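This report concerns only the one structure given below.
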Amino acid sequence: MATQHAADSRRNGDLHRDYVDDRNAKSQDTLYTTSNGVPYPHPYEVQRVGENGPLLLQDFHLIDLLSHFDRERIPERVVHAKGSGAHGYYKTTDSLEDLSLADIFKPGKECPITIRFSTVGGEGGSHDCARDPRGFSIKFRTDEGNWDMVANNTPVFFLRDPAKFPHFIHTQKRHPATNLSGSDDSTMFWDYLSQNPESIHQVMILMGDRGIPDGYRHMHGYGGHTMKLVNKDGEWVYVQFHYKSKQGIKWISQADSASKSPDHAQKDLYNAIERGEFPGWDMSVQTMTPKEAEDLWENQKINVFDLTHIWPQKQFPLRKVGELILNENVKNYFCEIEQVTYNPAHMIPGIEPSADPVLQSRLFSYPDAHRHRVGANYQQLPVNAPRVPYRMANFQRGGNMAFFNQGSRPNYLSSIEPISFRNRSVDLNATHGHFSGEAITFLSEIRPEDFQAPRTLWEKVFDDGAKERFVGNVSGHMATCSDKEIIKRQIAIFREVSDDLAARLEKATGVKGYDGISGLRFNGTHNGMAKDKSLRAANGMTQKVGFSATDNNGAPVKGTHKEYTEGK
């Protein structure tokens, strides 16, 4: 059909080639040309001075070929470099209109989607079966613009202080001196974890049976961050998004991972879609009122702004909203997966950010990375472009690869050629205006509540076999850690989860760990469990000047929302 359309266009004098026409054209329907459209007799020919003379600089075809080849790799992602993806659609099955004014949450609404799955820490050529969290990013092309959900396959992460993120990711990369990855030298990995105990829940998940998903189809996705939903009446609630695999979840053991192809997950996803086995996920939400969030901290010490904490599903049950189905493989991996970009700041009316500090930092960091990696006009690329029922306009002009530069329209707010506007649908002050206070420096503190969920995971979720495998996974990974002091500290952190777990690790590693963390100072977090007050401040910071721990540890302060709403 696309070829017929192109032929019709040529007969009608329309020689413009659009992306869809080019994407679906067959090789048999094309003519070989130079990049500027001039037909060329053979791609291997070169111009020389005689049969055995030097090449001619005037040979534009050869120079253009080599110059483009030298530049045909864009910088790989610093995080989530190895990935796979496909296209499909989202459909709302159960209305969420009572909680959100987003048009996409009306019953029966659909939109095209592109999902990219990935490993987190590895390089572009790394193994699909690495023991590593997985990225689960979704681009919803709604009628109100693109909504990007940047998720993982685990409900928590290693950190809750945004400035730690570059440091942590550096420890997942190659050593700057030896250039060895964590597979051959795990010292940096465990050094970071042993100094930042809030990572313990993610470590328990990562090193457990579910640390290596069997392909991308058989894993769940979790937004992780707390967001806000705003309805048509201006009322808002906190929300976390969940994506449950319709295929069920499957995992690979450490022993089996070595027998899999380096592209196991990519191959599994692509071949399943080619066979017509279209993978799907149910999208659900957990929601919480501002008052419930305050009470949750006061009574259970669970912080909704903390990426290392989870919301108990018995208290905040999942509510299904819709379904995601992947039914189309990409035609060109580079154009449609390598160049696809996801940005948590891409939200539509009815979805807003919370005060989650790591989320707040990502709202800046993600689009900044895209502008560097792909270019200032990355959103003009077909895979990233919105598909909305109105003509888009703004006052951004120029920059690399500005395919659509808005013609001769004024690049300022003109009264001669006025642009139209839509009325604001979300009251910014009502949604985000309930915070007040002086500027502070803030670093979170490790508290007893940080070990509650990991302890439940060890005691209630892991069976005997899972516990044995977990100890084997951790001790095996620690075998390449060159500093025994790091292992002692990490075992002390595990001891706060369970004495049984610590004892098993001591036996497996041959290293006697510390009795707990009450006698330790950490360089990455304040130690609220320290018996000696001099050990409480991170990295020996003075407690008189610059000591930044707070009673609520960054959680919602009780009564804040009530005081705001009554006084507005």
Side-chain angles (χ1 to χ4, degrees), residues 133 152 154-165 167-168 190-208 222 224-226 240 293-313 315 355-359 442-462 470 474 489-502 505 513-531 535-539 547-557:
N152 275 351
T154 58
V156 295
F157 199 58
F158 295 93
L159 51 86
R160 58 193 176 205
D161 297 284
K164 290 184 178 181
F165 190 78
H167 297 262
F168 169 70
W190 290 106
D191 185 25
Y192 175 89
L193 300 179
S194 70
Q195 293 287 351
N196 296 272
E198 70 273 23
S199 63
I200 187 64
H201 194 181
Q202 177 70 298
V203 172
M204 295 284 290
I205 297 172
L206 179 65
M207 290 295 171
Y222 302 89
H225 290 295
T226 294
Q240 287 207 355
E294 295 166 6
D295 291 342
L296 192 64
W297 171 254
E298 290 293 324
N299 300 324
Q300 296 174 245
K301 298 304 180 186
I302 295 175
N303 183 353
V304 298
F305 299 149
D306 189 334
L307 187 54
T308 70
H309 287 189
I310 58 172
W311 299 8
Q313 291 190 21
Q315 291 174 253
D356 178 335
V358 180
L359 169 64
F442 180 81
L443 177 63
S444 71
E445 184 173 73
I446 189 70
R447 306 270 186 88
E449 60 265 15
D450 293 314
F451 298 97
Q452 291 173 359
R455 187 175 301 116
T456 299
L457 187 63
W458 175 259
E459 295 179 349
K460 306 295 185 182
V461 179
F462 287 4
F470 178 85
V474 172
R489 295 177 65 92
Q490 189 62 45
I491 289 177
I493 296 171
F494 281 119
R495 198 181 305 281
E496 298 293 347
V497 175
S498 165
D499 287 332
D500 171 56
L501 170 56
L505 283 170
Y514 293 115
D515 291 338
I517 71 170
S518 63
L520 300 180
R521 175 186 287 126
F522 299 104
N523 69 16
T525 185
H526 299 314
N527 187 357
M529 298 168 65
K531 291 181 180 179
L535 298 177
R536 184 183 178 198
N539 216 27
F547 186 68
S548 53
T550 61
D551 289 339
N552 66 313
N553 218 23
V557 178

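Please read all numbers here as calculations on a predicted model, not as lab measurements.
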Legend entry - For Arg447, all residues meeting side chain to side chain donor-acceptor pair (under 3.5 Å), sequence neighbours excluded: Glu445
Inset, instruction - State which residues pass side chain to side chain donor-acceptor pair (under 3.5 Å) with Tyr192; sequence neighbours excluded, sorted by chain then number. - result: none
Any chance you could measure [X], atom [atom1], to [Y], atom [atom2], to the nearest 0.5 Å?
{"X": "Arg521", "Y": "Gln195", "atom1": "CZ", "atom2": "CD", "result": "10.5 Å"}
{"X": "Trp311", "Y": "Leu296", "atom1": "CH2", "atom2": "CG", "result": "8.5 Å"}
{"X": "Ser194", "Y": "Ile491", "atom1": "OG", "atom2": "CD1", "result": "11.0 Å"}
{"X": "Leu505", "Y": "Phe494", "atom1": "CG", "atom2": "CZ", "result": "6.0 Å"}
{"X": "Ile205", "Y": "Met207", "atom1": "CD1", "atom2": "CE", "result": "12.5 Å"}

Compare all side-chain heavy atoms of [X] with those of [Y] and state whether any distance is below 4.5 angstrom.
{"X": "Val203", "Y": "Phe158", "value": "yes"}
{"X": "Leu307", "Y": "His225", "value": "yes"}
{"X": "Leu443", "Y": "Lys164", "value": "yes"}

Okay, side chain of [X], backbone of [Y]: is any donor-acceptor separation there less than 3.5 Å?
{"X": "Arg455", "Y": "Val497", "answer": "yes"}
{"X": "Asp306", "Y": "Thr308", "answer": "yes"}
{"X": "Thr525", "Y": "Ser444", "answer": "yes"}
{"X": "Asn303", "Y": "Asn553", "answer": "yes"}

Legend entry - Qualifying residues under salt bridge (Lys or Arg N to Asp or Glu O under 4.0 Å), relative to Arg495, sequence neighbours excluded: Glu506
Inset, instruction - Could you list the residues that satisfy salt bridge (Lys or Arg N to Asp or Glu O under 4.0 Å) with Lys301, not counting sequence neighbours? - result: none
Is it the case that [X] and [Y] place a side-chain donor and acceptor less than 3.5 Å from each other?
{"X": "Gln300", "Y": "Gln315", "answer": "yes"}
{"X": "Thr550", "Y": "Asn552", "answer": "yes"}
{"X": "Thr154", "Y": "Gln202", "answer": "yes"}

Inset, instruction - Can you label the angle between the Phe470 ring and the Phe462 ring as parallel, tilted or perpendicular, going by 30° and 60°? - result: tilted
Residue pair [X] / [Y]: nearest heavy atoms and the distance that separates them:
{"X": "Gly524", "Y": "Ala538", "result": "C-CB, 4.5 Å"}
{"X": "Phe442", "Y": "Gly554", "result": "CZ-N, 3.8 Å"}
{"X": "Ser199", "Y": "Leu193", "result": "OG-CD2, 3.5 Å"}
{"X": "Ile302", "Y": "Ile310", "result": "CG2-O, 3.4 Å"}
{"X": "Leu535", "Y": "Gly519", "result": "CD1-O, 3.4 Å"}
{"X": "His201", "Y": "Ala453", "result": "CE1-CB, 3.5 Å"}

Legend entry - Chi angles and distances behind the side chain to side chain contact (heavy atoms under 4.5 Å, CB included) call for Val358, Leu159: CA-CA 8 Å; Val358 180; Leu159 51 86; 4.0 Å; yes
Inset, instruction - Flag yes if more than 12 heavy atoms outside Asp551 fall under 6.0 Å of its CG atom; otherwise flag no. - result: no
Inset, instruction - Return the set of residues passing side-chain contact (heavy atoms from CB on, under 4.5 Å) with Pro448 (not counting sequence neighbours), or none when no residue passes. - result: Met529
Inset, instruction - For Ile493, enumerate each residue passing the side-chain contact (heavy atoms from CB on, under 4.5 Å) test, keeping only those at least two apart in sequence or located in another chain. - result: Pro197, Ile200, Phe451, Gln490, Ile517, Phe522
Inset, instruction - Run the numbers on Met204 and Val461 for side chain to side chain contact (heavy atoms under 4.5 Å, CB included), then give the verdict. - result: CA-CA 11 Å; Met204 295 284 290; Val461 179; over 6 Å; no
Inset, instruction - Show your working on side chain to side chain contact (heavy atoms under 4.5 Å, CB included) between Trp297 and Val304 and close with a plain yes or no. - result: CA-CA 8 Å; Trp297 171 254; Val304 298; over 6 Å; no
Inset, instruction - Let me see the working for Asp161 and Phe168 under side chain to side chain contact (heavy atoms under 4.5 Å, CB included), right down to the final yes or no. - result: CA-CA 11 Å; Asp161 297 284; Phe168 169 70; over 6 Å; no
